[in-house]
A.B. asks: 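One structure coming up, written as structure tokens, with questions to follow.
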Amino acid sequence: MSDTAADDEHAILEQTRAAQVAHAAGDHDTAYALHADLVTRYELTAIADVMYQRDVRERLGIEVELLRTFGPTALYGRADPSS
């Protein structure tokens, strides 16, 4: 779990998403401004931690869905994933 407060984590994720959208749309000035604001408000370490934790949650969710769909034998090659 991130050491960043939940409200800050949400703000970081939302502003990062907005910066990515602006960049993809070719609005590089806006993307840069959003990124610069993030770095000023939260620092790179906090931003990186929030992004890492988001990725961990997404991977875990994907693994759960694969287990539900295919079962442990297909996913792990054995009947009991803990063995």
Side-chain angles (χ1 to χ4, degrees):
M1 188 82 178
S2 172
D3 290 335
T4 306
D7 288 344
D8 289 341
E9 185 172 331
H10 179 74
I12 289 169
L13 291 172
E14 288 299 315
Q15 193 160 340
T16 300
R17 204 169 294 124
Q20 290 170 339
V21 167
H23 180 28
D27 188 356
H28 301 279
D29 290 338
T30 299
Y32 176 79
L34 288 167
H35 181 266
D37 180 58
L38 271 172
V39 172
T40 299
R41 288 172 42 202
Y42 300 106
E43 298 185 358
L44 287 174
T45 304
I47 297 165
D49 185 45
V50 167
M51 301 308 288
Y52 172 76
Q53 292 301 327
R54 183 205 57 187
D55 291 345
V56 167
R57 287 188 302 268
E58 287 178 359
R59 282 193 303 265
L60 181 59
I62 291 167
E63 185 172 355
V64 167
E65 288 304 313
L66 288 170
L67 279 168
R68 284 183 186 149
T69 303
F70 300 108
T73 302
L75 191 59
Y76 300 114
R78 55 187 184 268
D80 180 9
S82 64
S83 60

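Everything quoted here is computed from the prediction, not taken from an experiment.
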A.B. asks: So, for Ala22 and Ala31, which heavy atoms are closest and what is the spacing to 0.1 Å?
C.D. replies: CB-N, 3.9 Å

A.B. asks: Mind checking salt bridge (Lys or Arg N to Asp or Glu O under 4.0 Å) for Arg68 and listing every partner two or more places apart, or none if nothing turns up?
C.D. replies: Glu65

A.B. asks: Look up atom CZ in Arg54 and atom OG1 in Thr16, then write down how far apart they are to the nearest 0.5 Å.
C.D. replies: 7.5 Å

A.B. asks: Measuring from Thr73:OG1 to Leu67:CG, what's the distance to the nearest 0.5 Å?
C.D. replies: 10.0 Å

A.B. asks: Answer yes if Ile12 and Val21 sit in the same cluster of Ile, Leu, Val, Met, Phe, Trp and Tyr residues linked by side chain heavy atoms under 4.5 Å apart, and no otherwise.
C.D. replies: no

A.B. asks: Mind checking who shares a hydrophobic cluster with Val56, ILVMFWY linked at side-chain heavy-atom distances under 4.5 Å?
C.D. replies: Tyr52

A.B. asks: Are the side chains of Leu34 and His23 in touch, meaning some heavy atoms are under 4.5 Å apart?
C.D. replies: no

A.B. asks: Decide whether Ile62 and Leu75 are clustered together by the hydrophobic rule: side chain heavy atoms of Ile, Leu, Val, Met, Phe, Trp, Tyr closer than 4.5 Å, transitively.
C.D. replies: yes

A.B. asks: For the atom pair CD (Glu58) and CD (Glu63), what is the distance rounded to the nearest 0.5 Å?
C.D. replies: 14.0 Å

A.B. asks: Tabulate below the donor-acceptor pairs under 3.5 Å that side-chain atoms of residues 40-48 make, not counting sequence neighbours, or state none.
C.D. replies:
from, atom 1, to, atom 2, distance (Å)
Thr40, OG1, Ala36, O, 2.9
Arg41, NH1, Gln15, OE1, 3.0
Arg41, NH1, Asp37, OD2, 2.8

A.B. asks: Do other residues, nucleotides or ligands put more than 12 heavy atoms under 6.0 Å from Asp7 CG?
C.D. replies: no

